[in-house]
Amino acid sequence: MNFVENIRRHITGAIGAALEAARNTGEINFEHLPTVALEVPREKQHGDFATNVAMTMAKQARMNPRQLAEKIVAHIDRGDWLKDVQIAGPGFINFTLHHHWLYPVLPAVQQTDDRYGASQAGAGKRVQVEFVSANPTGLLHMGNARGAALGDTLANLLRLAGFDVTKEFYINDAGNQIENFAKSLEARYLQLLGQDVPFPEEGYHGEDVAETMRGLIAKDGDKYVPMETTLRRELLVKYALQEKLSGIRESLARFGVDYDIWFSEQSLHDSGAIRETLETLRANGYIYENEGALWFKATSLGEEKDEVLVRSNGIPTYFAADIAYHKNKFDRGFDWVINIWGADHHGHVSRIKNAVKAVGYNSENLDVILMQLVRLFKGGEIVRMSKRTGQYITLDELVEEVGKDAARFFFVMRGADSHLDFDLDLAKSQSSENPVYYVQYAHARICSILRTAKDAGYEVPSVDGVDYSVLDHPAELSLIRKIADLPDEIARAATQMEPHRMARYAMDLAALFHSFYTHCRVLTDEKALRDARLVLVDDSRIVLRNVLSSMGLTAPERM
RNA sequence: GCGCUUGUAGCUCAGUUGGAUAGAGCAACCGCCUUCUAAGCGGUCGGUCGGGGGUUCGAAUCCCUCCAGGCGCGCCA
């Protein structure tokens with residue numbers, strides 16, 4: 001049950017009825033009922049909800065907005081929940097409600113507990129979230145970490161909002177980079193065994209490549225040395241991919257991220273899926289041949305240029321595989337497909353959307369979230385990162401240095417499209433400057449109150465016999481109001497793909513709780529007040545914990 | 001050159017899809033611990049929403065145009 005949604009319906013209903021009534025008496029003329037937009041005013045003095053219908057309708061009704069608003073207000077049925085209706089500014093109608101509209105949320109949080117905040121907004125629609133999908137040729141870096149935190153949190157939120165969610169990692173285990181990887185592995189392998197062979201110029205210079213080969217030598221010794229190079233590379237790559245992938249999987253698991261499906265690009269080659277996809281494209285008229293290569297007629301869908309699907313050497317491009325992959329996603333019946341990509345891939349967005357169209361699916365059901373890159377700061381200086389030279393901070397090192405909770409919070413705190421400056425010192429600092437601790441501290445503080453209460457023989461009362469109307473301090477009402485917002489907030493963050501809203505919500509809620517804490521004493525001798533506040537405090541605990549958990553963070557009971 | 005994207009307080013960022021006097025955290029300054037965790041609270045200071053035009057009752061938000069940063073424009077992935 002969503003109380004905010006409920007009251008919104010009441011108000012919009014009352015406005016609609018008032019408009020009809022005014023039309024019946026001939027006071028207002030209009031063709032059709034407009035959709036009534038309700039907003040929550042920034043200023044408290046403007047009431048709990050406000051509408052601008054009088055302004056939007058002014059033209060249609062041929063009346064000035066304030067006059068129109070007066071006519072509407074005269075016909076509003078105040079029921080037993082509406083305390084006051086005011087006309088303000090250019091023609092806003094402001095609604096102030098009796099406090100008691102909020103109170104039912106208090107027992108509801110107790111009853112739904114870890115499900116509080118969930119909703120049916122997604123109506124069981126099947127959504128796939130693909131994120132990280134890092135090359136299995138190296139270690140996870142900061143960009144991957146951001147994608148992991150955002151993708152995992154978004155998936156959690158979608159699930160809470162009533163979607164049927166599948167989390168997926170696309171393994172780029174095919175193509176030129178794998179060739180290149182193989183050459184690098186081979187060179188390192190032979191070098192480690194004392195052979196003087198050159199290292200490929202475009203190869204993977206990272207120390208982890210050598211490390212992988214050291215592991216193989218420890219296991220199998222020099223048995224690959226006498227082999228023919230093609231077979232050798234094949235075996236080395238097979239070993240390395242397996243090792244790298246399980247490393248990636250473990251790093252992500254430590255970061256609190258797991259997947260439902262690990263999808264191999266190579267499998268699209270092996271299964272014939274790419275060939276089938278090309279046939280589909282051909283049947284739909286999007287393919288032609290030129291200079292020995294097979295091309296996708298992207299220009300016919302508004303692109304600037306066409307794209308190669310199969311090179312003249314007969315090997316399909318990454319793009320061809322990606323089309324097959326996206327076709328596969330929709331073939332599997334997902335209603336909504338979300339990709340989280342680095343902003344450096346933004347050029348591919350319209351291309352893949354057109355490709356989705358070309359294979360016969362609705363590209364509106366594909367969303368690509370682009371993440372801006374992460375800049376690392378330490379001691380006020382930018383930490384330079386270069387993948388080519390293997391000089392970069394890995395996800396493992398990040399988790400080691402600042403901890404999982406701080407890292408995830410910092411990534412989720414900002415919108416995906418904002419350039420993220422990650423301050424390692426700040427994330428690590430256990431001070432008031434660090435928002436992670438601010439939020440977690442609120443939770444720990446609550447747990448402390450509840451412990452103290454228990455020691456004094458005060459339990460959180462069962463919800464029935466509690467009189468919530470004693471909770472009328474502004475700090476209490478604001479806190480309850482925030483708690484009541486959670487289901488909407490989650491649904492909105494999920495459907496709009498804006499996980500950073502939850503970090504903000506968490507900070508707002510923590511701030512409201514801290515404020516309540518300093519203004520209102522929980523453990524008083526006055527039983528009625530104490531009981532009501534114990535419920536409010538325990539509700540705050542539940543909501544904080546649920547929000548933290550949606551972001552993959554722990555909710556400490558002591559700090 | 002073409003395209004995408006960002007530009008909001010000293011710093012890092014929000015901004016409820018076009019609403020009322022543009023917000024938060026940090027930094028700075030001033031207060032508050034004999035009582036449930038001061039990793040906290042209250043207050044002050046801080047703005048040409050990159051610039052300029054336009055659309056309308058109303059613009060940080062939509063359109064145009066400049067300026068600045070980031071990124072993309074391979075038979076790479």
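In what follows, chains carry the letters A, B, and so on, assigned in the order in which the sequence lines appear, proteins first and then strands, with residues in each chain numbered from 1. None of the values given here were measured: they were computed from a predicted structure. Heavy-atom basis, side chains included; hydrogens, waters and symmetry copies ignored.
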*asked:* How many whole angstroms separate atom CG of A:Asn434 from atom P of B:A27?
replied: 12 Å
*Determine the contact category for A:Gly415: base if any of its heavy atoms lies under 4.0 Å from a base atom, sugar-phosphate if only primed atoms, P, OP1 or OP2 are that close, otherwise nothing.*
sugar-phosphate
*Span that lies between the C1' atom of B:G7 and that of B:C49, in whole angstrom*: 9 Å
*Integer-rounded Å distance: B:U37 C1' and A:Leu450 CG*: 13 Å
*Just call it for A:Ala50: base, sugar-phosphate, or nothing, with non-hydrogen atoms closer than 4.0 Å on any strand.*
base
*If only side-chain N and O atoms of A:Ser418 are considered, is one of them under 4.0 Å from the OP1 or OP2 phosphate oxygen of B:U6?*
no
*asked:* It should be established whether A:Arg414 places a side-chain nitrogen or oxygen under 4.0 Å from OP1 or OP2 of nucleotide B:A14.
replied: no
*Pairwise C1' distance, B:U35 and B:G47 [rounded to whole Å]*: 42 Å
_Spacing between A:Arg42 atom CZ and B:U16 atom P, to the nearest angstrom_ = 10 Å
*Would you kindly compare A:Phe516 and A:Gly89 by the position of their nearest RNA chain B nucleotide and give the one closer to the 5′ end?*
A:Gly89
*Please say whether the positively charged group of A:Arg375, taken as NZ for Lys or CZ for Arg, lies over the ring of A:Phe422, i.e. under 6.0 angstrom from the six-membered ring centre and within 45 degrees of the axis.*
no
*When the P atoms of B:C4 and B:C66 are considered, how many whole Å apart are they?*
14 Å
*Taking the six-membered ring for Trp, are the ring centroids of A:Tyr441 and A:His514 within less than 6.0 Å of each other?*
yes
*Using whole Å, report how far OH of A:Tyr438 lies from C1' of B:G25.*
9 Å
_Between the side chains of A:Lys482 and A:Glu489, is the shortest nitrogen-to-carboxylate-oxygen separation below 4.0 Å, so that they form an ion pair?_
no
_Between B:C57 and B:A20, how far apart are the two C1' atoms, rounded to whole Å?_
13 Å
*Should B:C45 be called syn or anti, with syn set as within 90° of 0?*
anti
*Hey, do the aromatic rings of A:Tyr325 and A:Tyr170 have their centres closer than 6.0 Å?*
yes
*Does A:Ser448 put a side-chain nitrogen or oxygen below 4.0 Å from OP1 or OP2 of B:U37?*
yes
*asked:* Side chain of A:Arg504 only, heavy atoms from C-beta on: which candidate in B:G40, B:A20, B:A24 is closest?
replied: B:A24
*Assign each of A:His514 and A:Pro90 to its nearest nucleotide of RNA chain B by heavy atoms, then name whichever residue's nucleotide is nearer the 5' end.*
A:Pro90
_Using a heavy-atom cut-off of 4.0 Å across all strands, would you classify A:Arg492 as base, sugar-phosphate, or nothing?_
sugar-phosphate
*Pairing nucleotide - B:C29, Watson-Crick or G-U, each distance under 3.5 Å*: B:G43
*Look only at the side chain of A:Arg445 and the backbone of A:Gln440, and say whether a donor-acceptor pair between them is shorter than 3.5 Å.*
no
*Quiz item: cation-pi between A:Arg8 and A:Phe49, 6.0 Å / 45°*: no
*asked:* Whole angstroms only, please: what is the CZ-P distance between A:Phe410 and B:C13?
replied: 11 Å
*asked:* What is the distance, to the nearest angstrom, from the CD1 atom on A:Ile449 to the C1' atom on B:A38?
replied: 14 Å
_Tell me which nucleotide, if any, is Watson-Crick or G-U wobble paired with B:U21 when both distances must be under 3.5 Å._
none
*Ring centers of A:Phe199, A:His205 separated by less than 6.0 Å*: yes
*Among B:C41, B:U37, B:C36, which nucleotide sits nearest the side chain of A:His519?*
B:C41
*Side chain of A:Glu39 only, please: which of B:A24, B:U6, B:A20 is the nearest?*
B:A20
*Select base, sugar-phosphate, or nothing to describe what A:Gln45 touches, counting heavy atoms under 4.0 Å on all strands.*
base
*asked:* At 4.0 Å (heavy atoms only), tell me whether A:Glu498 reaches a base, stays on the sugar-phosphate, or touches nothing.
replied: nothing
*Whole angstrom is fine here: how far is it from CG in A:Leu420 over to C1' in B:A14?*
14 Å
*For B:U21 versus B:U37, give the span between their C1' atoms, rounded off to a whole number of Å.*
38 Å
*Contact pattern, 5' to 3', of nucleotides 68-77 of chain B - B, S or - by protein heavy atom under 4.0 Å*: -BSBSSSBSB
*Can you see which heavy atom on A:Trp336 is nearest to which on A:Leu158, and at what distance?*
CZ3-CD2, 3.7 Å
*A:Met559 side chain: which of B:A20, B:A39, B:G19 is closest?*
B:A39
_Between A:Lys244 and A:Asp208, does any side-chain N to carboxylate O distance fall below 4.0 Å?_
yes
_Does A:Asn94 reach a base, just sugar-phosphate, or nothing at all? Heavy atoms under 4.0 Å._
base
_Sidechain-backbone polar pair: A:Ser418 side chain, A:Leu420 backbone, donor-acceptor under 3.5 Å_ = no
_A:Met507 CE to B:G40 P, straight-line distance once rounded to whole Å_ = 13 Å
*Among B:A20, B:U16, B:C36, which is the nearest nucleotide to the side chain of A:Leu523?*
B:C36
*Using the aromatic ring of A:Phe92 (for Trp, its six-membered ring), decide whether it stacks on the base of B:A20 within the limits of 5.5 Å and 30°.*
yes
